[in-house]
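What follows is a short report on a single structure.
Letters A, B, ... mirror the listed sequences (proteins, then strands); counts begin at 1.
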Amino acid sequence: DDPELAALWQRFSADGDPQARERLILQYAPLVKYVAGRVSVGLPSHVEVADLTSYGMFGLIDAVERYDPARGVRFESYAIQRIRGAIIDELRSLDWIPRSVRSKARQVEEALQDLEHRLGRSPGEEELAGELGMDLDEMRRTLSQVALTSVVALDEAVGGDDEARSPLVERLPDRSSPDPEARVDDAEMRRLLATTVDELGERERSVVVLYYFEGLTLAQIGEVLGVTESRVSQIHSKSVLALRGKIAG
Amino acid sequence: AAEVRAARDECRAEEAQLSYLRRLLQARLDLVRAEQRRRREGDGSTEALSERLATLLADAPPASRREARAVSVDPPATHMRRAEDRLASDATLARVPDLDEDALARLASELADREQEISRRRRALLDRLDRLQEELVARYRDGGTAAVDAIV
Ligand SMILES: Nc1nc2c(ncn2[C@@H]2O[C@@H]3COP(=O)(O)O[C@H]4[C@@H](O)[C@H](n5cnc6c(=O)[nH]c(N)nc65)O[C@@H]4COP(=O)(O)O[C@H]3[C@H]2O)c(=O)[nH]1
Ligand SMILES: Nc1nc2c(ncn2[C@@H]2O[C@@H]3COP(=O)(O)O[C@H]4[C@@H](O)[C@H](n5cnc6c(=O)[nH]c(N)nc65)O[C@@H]4COP(=O)(O)O[C@H]3[C@H]2O)c(=O)[nH]1
């Protein structure tokens, strides 16, 4: 790596030199642009994207202050995790999903879990509507309200609400990350998705695989399955809520 | 469809690397230009470095919003190995406070040239990626659920 950067890290970790700290923050600030742009994908339109870089800067500063070069982890990888975590934590505290929609989503999630336990398989939409005391259209309208195509939604599904680690995350083979506070990264999330996909219904399995593993847009998935994009979005929301229930369960 | 998928996966891996590089170059360019402005106009700003940086790093709303697709935030696997990517990852930014006007101007024009080149390559790559994805969509659609089951 670059000898000048190594010297800056040396100056900062040796005696907390404020000038070295400021230069390190400036040097790595571009990572915030990269991460904020990607976390913004798929967020509901009421979320102010321009604020994501402010939240991200806190994550970068936190990363510079906590980084220990002796651990052998590249700073970029460590910082990207912290920047992402800082943006997502802030979005969650600001209710990136409005409270009324969130409580409906929670009802759907609990109904999915109850039905799954009772039936021993992933429930269909009619069964789910019945459990919720709604007709099919009303249930689909509820699913349409919850936009879950972003990195934030998946992080929330995998990480759960509170800081307690969910049981499924602990079962990941290589959680040997050097940083105990590290969040689940993308590769791990996809592994988690892959393990639970088999328990979803056929239609849900196709949507999850075509979106997360084949990289198609919801409209393209609609073309493949012969349904409308809004139906794909509903099926996707149901799958992510089911995933959340399995991971938390 | 296997060979189309292989070509698509290769495209996606290269696009992830290029898009990462592009964003770092754009940010460096914007921070160097801001430093040039600051020196010309005098440093009236009392804001903390982190707030100034946050504003400089934010994107303008794009002309056309793209449809949501699954993105990975992890840095691409083949992280800046090539010598050509030094411009996006060496200690340039840490040195900006020490550089004189001429050095800053040279750096800004070098970064602008490189960003244009990378954005051009990325545009071509995104076009190719989208063509491959459209081809796969057609094959999956025509192949029915069997085609989808083959990958699921
Ligand atoms: N197959 C395919 N993939 C595409 C296409 N356009 C973008 N992508 C990929 O999808 C990611 C998300 O794009 P986005 O939702 O538009 O979200 C973008 C967008 O909101 C913003 N952004 C990126 N470049 C620009 C730009 O030149 N101008 C503006 N205003 N915003 C930009 O940053 C976010 C992240 O950008 P990236 O890290 O480059 O990550 C991009 C890129 O990897 C496309 O036409 N086809
Ligand atoms: N939703 C979405 N739209 C995208 C994406 N990539 C490109 N675009 C759109 O395509 C236009 C041209 O992008 P470009 O050829 O990469 O050419 C870009 C690129 O070379 C450069 N650029 C883009 N963003 C930045 C930035 O933040 N800083 C600097 N210095 N240059 C930038 O300026 C040119 C014009 O940028 P814009 O006016 O923003 O206009 C962008 C934007 O509207 C994407 O991933 N998602």
Among [options], residue most engaged with chain A (heavy-atom pairs, under 4.5 Å):
{"options": "B:Val73, B:Leu53, B:Val71, B:Val137", "result": "B:Val73"}
{"options": "B:Ala138, B:Ala70, B:Pro61", "result": "B:Ala70"}
{"options": "B:Ala91, B:Ala27, B:Ala58", "result": "B:Ala91"}

Once you round to the nearest 0.5 Å, how far does [atom1] of [X] lie from [atom2] of [Y]?
{"X": "A:Thr217", "Y": "B:Asp130", "atom1": "OG1", "atom2": "CG", "result": "9.0 Å"}
{"X": "A:Leu52", "Y": "B:Leu57", "atom1": "CG", "atom2": "CG", "result": "12.0 Å"}
{"X": "B:Asp74", "Y": "A:Glu76", "atom1": "CG", "atom2": "CD", "result": "13.5 Å"}
{"X": "A:Glu22", "Y": "B:Leu49", "atom1": "CD", "atom2": "CG", "result": "4.5 Å"}
{"X": "B:Leu93", "Y": "A:Ile25", "atom1": "CG", "atom2": "CD1", "result": "13.0 Å"}
{"X": "B:Leu56", "Y": "A:Lys33", "atom1": "CG", "atom2": "NZ", "result": "9.5 Å"}

Answer with side chain, backbone, both or neither: which region of [X] has an atom nearer than 4.5 Å to a non-hydrogen atom of chain A?
{"X": "B:Arg65", "answer": "side chain"}
{"X": "B:Arg139", "answer": "neither"}
{"X": "B:Arg5", "answer": "side chain"}

Shortest non-hydrogen contact from [X] toward [Y]:
{"X": "B:Leu31", "Y": "A:Ala29", "answer": "CD1-CB, 4.1 Å"}
{"X": "B:Ala94", "Y": "A:Arg23", "answer": "O-CD, 3.1 Å"}
{"X": "A:Tyr34", "Y": "B:Pro75", "answer": "OH-CA, 4.4 Å"}
{"X": "B:Ala54", "Y": "A:Thr53", "answer": "O-OG1, 2.8 Å"}
{"X": "B:Ser89", "Y": "A:Leu5", "answer": "O-CD1, 4.3 Å"}
{"X": "B:Gln133", "Y": "A:Glu214", "answer": "NE2-O, 3.0 Å"}

Given heavy-atom pairs under 4.5 angstrom as the criterion, report whether the side chain, backbone, both or neither of [X] touches chain B.
{"X": "A:Leu210", "value": "side chain"}
{"X": "A:Leu26", "value": "both"}
{"X": "A:Phe213", "value": "backbone"}
{"X": "A:Ala219", "value": "both"}

- Query: Is A:Pro30 close to B:Arg23 at the side-chain level, that is, under 4.5 Å between some pair of heavy atoms?
  - Reply: no

- Message: side-chain contact (heavy atoms from CB on, under 4.5 Å) for B:Asp59 and A:Val49? Distances and angles first, verdict last.
- Response: CA-CA 8 Å; B:Asp59 277 321; A:Val49 175; 5.8 Å; no

- Task: Keeping the roles fixed (side chain from A:Arg38, backbone from B:Ser72), state whether a donor-acceptor pair exists under 3.5 Å.
- Result: yes

- Message: Looking at B:Asp90, is its backbone amide N or carbonyl O close enough to the side chain of A:Gln27 to form a donor-acceptor pair, meaning the two atoms are under 3.5 Å apart?
- Response: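 Side chain of A:Gln27 to backbone of B:Asp90: a pair is present.
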
- Item | Options A:Leu24, A:Leu218, A:Leu216, ranked by heavy-atom pairs under 4.5 Å with chain B, top entry | A:Leu216

- Query: Yes or no on side-chain contact (heavy atoms from CB on, under 4.5 Å) for A:Gln220 and B:Glu67, after CA distance, side-chain angles and deciding distance?
  - Reply: CA-CA 10 Å; A:Gln220 287 172 322; B:Glu67 285 183 70; over 6 Å; no

- CZ of A:Phe58: more than 12 outside heavy atoms within 6.0 angstrom?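 Incorrect, the count does not exceed 12.
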
